[in-house]
K.L.:
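Got a structure for you, written out below as structure tokens; questions coming shortly.
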Amino acid sequence: MCGIIGIVGTQPVSARLIESLKRLEYRGYDSAGVAAVVNGPDGGPNGGKVERRRAQGKIKNLEALLAEQPLGGQNGIGHVRWATHGAPNLKNAHPQTAGRVTLVHNGIIENFAELKAELIAAGRTFESDTDTEVIAQLIDAELATGLAPLDAFKTTLDRLTGAYALAVLIEGADNLILGARRGSPLVVGEGQGEMFLGSDALAVGPFTNRVIYLEEGDYVALDHDSARIFDASGAPVTRPVKLVATSAVMMEKGNYRHFMEKEIHDQPDGCQRTIAAYVDALTARAAMPEGLDLANLERIQIVACGTSYIAGVVGKYLIEQLADLPVDVEIASEFRYRQPALRPGSLVIAMSQSGETADTLAALRYCKAKGMKSAVVVNATESTMAREVDVVLPIHCGVEIGVASTKAFTAQVSVMIALAVAAAKARGTIDDAEEQRLVRVMLEAPRLIAEAIGLEDAIKEIAVEVSKARDVLYLGRGPMSALALEGALKLKEISYIHAEGYAAGELKHGPIALVDDQTPIVILAPFDSWFEKSASNMSEVMARGGQVIFITDTEGAKHAPEGAKVVITAPACDPLISALVMSAPIQLLAYHVAVLKGADVDQPRNLAKSVTVE
Ligand code: AGP
């Protein structure tokens, strides 16, 4: 939700903080701020004052402020904010300060109101509406009792309920940054005579590839030469140093205008990598990681949010059809609170690009507490979810920066496809020959996705019409009913046009009342077993003046009813991979509509890439 960075360095820190925050801007951009230990009145490093600079909105606004009011010093912290407590204004921007303490925070402190009341009763005054300021006030109050910084920090942490990743500067302790994590990710970066703290490996990537992933409850004291790590009980611990390739190339847009555009075009490669991880191309066999007893599973429970939930719905169709294995897919934020009836013989699969989504994590933990075996389909393989499950199913699509998920979606679907084939083979619902056929179908997907992306010019044309719409309906059947949800979500979240995805068979039960000659209707209908039904839905809509954008394949185009406003013809493919091939047209449609509307494609308003709060 927010991004944080801390540097105990040997070089001017201001520009380094900004460089890191730019890598974290996908986590939130309501405001940005930095603070540093600047050389004190005696010019020496000791007793340095802490100064901060904060700006509303994007990092470029903070850069403009720093150009006018440069920030000195080598040790500092930084923050990009997605507002939870307190409006996205300047006083609520991080870093937050109280007395000697200046800090940045990602997460939500649930007991902040009672702590704030206690501190006010003790005579302390607050400047912001944030929960974060309460943490700074508490640490400062503990320092005032004479506690050393690390003790004051630990005493404060023990009083907090909720989620936090913190980076803390304390005036007078200039060669020190304190950090802690509970419920929000935090890593330590090991440099040469420098130490770094960041929300993820990307944040510290410009400075080091030696990364320590702090565990739940860990807190840390960084100075130039050491990272002293303690577990929640206060005992010193050692965590492994990992070498992480967060090469700069992953961060560049190349010759694309937006990360989202690049990531859409990256999908053939991305899915190639994903599929290669789950099949043996030589023997044409599916290959799942150890630990998934697919033969004896009674049921799969998928929990997820947003686009990841939709990928799960696609998985349900394929796994039930191929493997005759019951699959339930639920929105995590509903699932976690409804006391679902669970049985230990089931497998819970969390679907999450970030591996940090709070609702999905909570739903996963709920299932684990009920004795279920757990897995996660995830991009961030060092994330909290990845570290808590029995089996990790990486999607291998590389870093996804665009807030609207594209390549991660098709990578997740690719894992679902592989799981469906592997489960079918393990349960004997397909034989060797069928498994080999289906694996070969999977290996065709990258090429066919690339062909579908080749429809971009035709999609750009129809985007002009769609960009004028007030409402858009997406319809589909079978796995395409899930893609209808995804197409609508993509359009909504980056172009701000209202859109709804519906199972096409549901149209006549209400939504058909929406149909008029002003409402574009996107119908997703590859030439599969649902095609005839979708084609008749198309006729129903056109009979009422609906303007149909018919997205089908080369076979379907031959059988499509006359009268569509436009027919987009994707390459024909086996139903097993149609969700992969049909994704690109709906992603490109949303992208080009958003570009036409001048929207902020990579960082849509009100959104964040990783929703680590409820
Ligand atoms: C996708 O385009 C959205 N940005 C959002 O729905 C996202 O899929 C959702 O927040 C889940 O994120 P996760 O995959 O990291 O758990």
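FYI, side chains are in, hydrogens and waters are out, and symmetry mates aren't considered; it's all heavy atoms of this structure. Whatever order the structure lists ligands and atoms in, that order sets their numbers, starting from 1. Predicted model only: the values in this text are computed from it and were never measured. Sequence positions, counted from 1, serve as the residue numbers for this chain.
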K.L.:
Under 3.5 Å, N or O to N or O, is K609 touching ligand 1 that way?
P.N.:
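Between K609 and ligand 1, no N or O pair is found under 3.5 Å apart.
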K.L.:
Less than 4.0 angstrom from a charged side-chain N to a carboxylate O is my criterion; do E334 and R338 meet it?
P.N.:
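So E334 does not pair with R338 through a salt bridge.
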K.L.:
Please say whether T360 places an N or O atom under 3.5 Å from an N or O atom belonging to ligand 1.
P.N.:
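There is no such contact.
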K.L.:
Can you list everything that forms a ring pair (Phe, Tyr, Trp, His ring centres under 6.0 Å) with Y474? Sequence neighbours excluded, please.
P.N.:
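Y474 satisfies ring pair (Phe, Tyr, Trp, His ring centres under 6.0 Å) with no other residue.
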K.L.:
Taking only Lys NZ, Arg NE, NH1 and NH2, and the carboxylate oxygens of Asp or Glu, determine whether R365 and E216 approach each other closer than 4.0 Å.
P.N.:
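Looking at R365 and E216, the cut-off is met.
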K.L.:
Do me a favour and list the nearest non-hydrogen protein atom to atom 14 (O) of ligand 1 with residue, atom name and distance?
P.N.:
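Among all protein heavy atoms, the one nearest atom 14 (O) of ligand 1 is S308 OG, 2.6 Å.
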K.L.:
Evaluate the criterion side-chain hydrogen bond (donor to acceptor under 3.5 Å, both in side chains) for residue pair Q267 and T406; output intermediate values, then yes/no.
P.N.:
CA-CA 8 Å; Q267 291 180 114; T406 51; 5.0 Å; no
K.L.:
Look at atom 7 (C) of ligand 1 and say which protein heavy atom is nearest, naming residue and atom and giving the distance to 0.1 Å.
P.N.:
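Looking only at protein heavy atoms, the one closest to atom 7 (C) of ligand 1 is T307 N, 4.1 Å.
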K.L.:
Which protein non-hydrogen atom lies closest to atom 15 (O) of ligand 1, naming both residue and atom, and how far is it?
P.N.:
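The answer is S354 OG, 2.7 Å.
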K.L.:
Closer than 4.0 Å to some heavy atom of S405 - which atoms of ligand 1 meet that?
P.N.:
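This gives 1 (C), 2 (O) as the contact atoms.
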K.L.:
Look at atom 16 (O) of ligand 1 and find which of V377, T357, V403 reaches it with the closest heavy atom.
P.N.:
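Answer by nearest heavy atom: T357.
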K.L.:
What part of K490, side chain from CB on, backbone N/CA/C/O, both or neither, has a heavy atom under 4.0 Å from ligand 1?
P.N.:
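For K490, the contact with ligand 1 is made by the side chain alone.
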K.L.:
Less than 4.0 Å is my threshold; does some heavy atom of S610 fall inside it relative to ligand 1?
P.N.:
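Per 4.0 Å heavy-atom rule, S610 does not contact ligand 1.
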K.L.:
Using a strict threshold of under 4.0 Å (side-chain N to carboxylate O), is an ion pair present between R387 and E215?
P.N.:
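Counted as a salt bridge, because a side-chain N and a carboxylate O are separated by less than 4.0 Å.
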K.L.:
Below 4.0 angstrom from a heavy atom of A404, which ligand 1 atoms are there? Numbered from 1 as shown, please.
P.N.:
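Listed by number with element, the hits are 2 (O).
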K.L.:
Please list, in number order, the atoms of ligand 1 under 4.0 Å from a heavy atom of S352.
P.N.:
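So the atoms of ligand 1 that pass are 13 (P), 14 (O), 15 (O), 16 (O).
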K.L.:
Looking at D600 and R605, is there a salt bridge between them, counting it only when a charged N and a carboxylate O are closer than 4.0 Å?
P.N.:
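Looking at D600 together with R605, the answer is no, because their closest N to O distance does not fall below 4.0 Å.
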K.L.:
Note the single closest protein heavy atom to atom 11 (C) of ligand 1, along with its residue, its atom name and the distance in Å.
P.N.:
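That would be C305 O, 3.5 Å.
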K.L.:
Name all residues meeting the ring pair (Phe, Tyr, Trp, His ring centres under 6.0 Å) criterion together with F409; count only those two or more places apart in sequence or in a different chain, and write none if there are none.
P.N.:
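None.
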K.L.:
Thinking salt bridges, do R447 and E451 make one under a 4.0 Å N-O criterion?
P.N.:
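Salt bridge flag = yes for E451 with R447.
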K.L.:
Which heavy atom of the protein is the closest neighbour of atom 3 (C) of ligand 1, given with residue, atom name and distance?
P.N.:
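Going atom by atom, the protein heavy atom closest to atom 3 (C) of ligand 1 ends up being E493 OE1, 3.4 Å.
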K.L.:
Look at atom 10 (O) of ligand 1 and say which protein heavy atom is nearest, naming residue and atom and giving the distance to 0.1 Å.
P.N.:
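Looking only at protein heavy atoms, the one closest to atom 10 (O) of ligand 1 is V611 CG2, 4.0 Å.
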K.L.:
Taking only Lys NZ, Arg NE, NH1 and NH2, and the carboxylate oxygens of Asp or Glu, determine whether K316 and E320 approach each other closer than 4.0 Å.
P.N.:
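The answer is yes: the pair qualifies as a salt bridge.
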